[in-house]
Novice: 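Here you go, one structure.
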Amino acid sequence: MELKRLLNDKKKLEQVFQKLENLSETTKNGFDLSDESEYILHAKLVQTIGNTLLAKEFREFEIDQHNQKILRFLLLYFNNCKEAETIFPNENYKIQKQIMLLGNVGVGKTMLMHIFSQYLKVTNNANMFFNVSVTEMINYYKVNSHLDKYTFNELSDDRKFTGNPVNLCLNDLGLNT
């Protein structure tokens, strides 16, 4: 049953992505999601990616009243749509600034970032980022005495630098263990 659902999700993902390719071109700045029908296609893609990531836990990615506005904000934000700034009008968020997700342990912050990392990769968006655990980064620093892997995209196997910094999502920053 679970394998059937996974295959169905993969098929849906391919269908949604095909529709996206037909509707608009990826630009350096992302997609124009001001058209509600295009926004819906992207939202379905995000939901399908979420379902795929959660399938190994036998769960589905739910969009409910608690996360609907956050998901809309993130989808617009990562596509550089000015409308993102209007989702939470009292917060004065700006799309040219970085974001910090705060919340209790287990509310889904890391999962959201994994979903959006995959979404940005699939849509070839220039805002694509890599999820990095701060613990992983600290351990790398302890062994290598530098963070060039993260700041200059160092190729660790041959110690060459590409000179291209990468976007990072730092996970568990400030987590007390």
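Values below: all heavy atoms of this structure, side chains included; hydrogens, waters and symmetry mates excluded.
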Novice: With sequence neighbours left out, write down each residue that passes salt bridge (charged side-chain N to carboxylate O under 4.0 Å, His left out) with Lys142, or none if nothing qualifies.
Specialist: none
Novice: Whether the Asn79 and Tyr119 side chains hold a donor-acceptor pair (N or O, under 3.5 Å, no angle test) is what I'd like checked.
Specialist: yes
Novice: By side-chain hydrogen bond (donor to acceptor under 3.5 Å, both in side chains), which residues pair with Asn131, not counting sequence neighbours?
Specialist: His114
Novice: Starting at CD of Glu38, measure out to CZ of Phe31 and round the result to the nearest 0.5 Å.
Specialist: 6.5 Å
Novice: Quick one about Asn127 and Asn167 (side-chain donor to acceptor, distance below 3.5 Å, no hydrogens or angles considered), yes or no?
Specialist: no
Novice: What side-chain donor-acceptor pairs closer than 3.5 Å can you find for residues 87-94, not counting sequence neighbours?
Specialist:
| from | atom 1 | to | atom 2 | distance (Å) |
| --- | --- | --- | --- | --- |
| Asn92 | OD1 | Lys94 | NZ | 3.4 |

Novice: With a 3.5 Å cut-off and sequence neighbours excluded, list the donor-acceptor pairs that the side chains of residues 95-111 form with protein atoms.
Specialist:
| from | atom 1 | to | atom 2 | distance (Å) |
| --- | --- | --- | --- | --- |
| Lys109 | NZ | Gly103 | O | 3.0 |
| Lys109 | NZ | Asn104 | O | 2.8 |
| Thr110 | OG1 | Asn171 | OD1 | 2.8 |
| Thr110 | OG1 | Asn171 | ND2 | 3.2 |

Novice: To the nearest 0.5 Å, tell me how far Asn125 CG sits from Asn80 CG.
Specialist: 7.0 Å
Novice: So, using side chain to side chain contact (heavy atoms under 4.5 Å, CB included) as the criterion, who are the partners of Ser34 when residues are at least two apart?
Specialist: Asp32
Novice: With a cut-off of 6.0 Å (strictly less than), are more than 12 heavy atoms of other residues, nucleotides or ligands near CD of Glu136?
Specialist: yes
Novice: Only counting residues at least two apart or in another chain, list the ones meeting side-chain hydrogen bond (donor to acceptor under 3.5 Å, both in side chains) with Gln118.
Specialist: none
Novice: Can you find a heavy atom in the side chain of Leu45 that is under 4.5 Å from one in the side chain of Thr123?
Specialist: yes
Novice: How long is the span from the CD1 atom in Ile115 to the CG atom in Leu75, to the nearest 0.5 Å?
Specialist: 11.5 Å
Novice: Going by the rule side chain to side chain contact (heavy atoms under 4.5 Å, CB included), which residues pair with Glu57 if we only count those two or more places apart in sequence or in a different chain?
Specialist: Leu54, Arg59
Novice: Would you call the rings of Phe78 and Phe116 parallel, tilted or perpendicular, taking 30° and 60° as the class edges?
Specialist: tilted
Novice: Going by salt bridge (charged side-chain N to carboxylate O under 4.0 Å, His left out), name the pairs with one or both residues in residues 62-80, residues two or more places apart or in two chains.
Specialist: Glu36-Arg72, Arg72-Glu83
Novice: If you take all heavy atoms of Leu33 and Cys81, which pair is closest and at what distance?
Specialist: N-SG, 3.6 Å
Novice: Name all residues meeting the side chain to side chain contact (heavy atoms under 4.5 Å, CB included) criterion together with Met137; count only those two or more places apart in sequence or in a different chain, and write none if there are none.
Specialist: Val132, Leu147, Tyr150, Leu168, Leu170
Novice: For Thr48 and Lys44, indicate whether the former's side chain and the latter's backbone hold a donor-acceptor pair under 3.5 Å.
Specialist: yes
Novice: For Phe61, is there any backbone N or O sitting under 3.5 Å from a side-chain donor or acceptor partner on Asn51?
Specialist: yes
Novice: For the side chain of Ser117 and the backbone of Phe130, is there at least one donor-acceptor N/O pair under 3.5 Å apart?
Specialist: no
Novice: Only counting residues at least two apart or in another chain, list the ones meeting ring pair (Phe, Tyr, Trp, His ring centres under 6.0 Å) with Tyr77.
Specialist: Phe73
Novice: Is the backbone of Val134 close enough, under 3.5 Å, to the side chain of Asp172 for a donor and an acceptor to pair up by distance?
Specialist: no
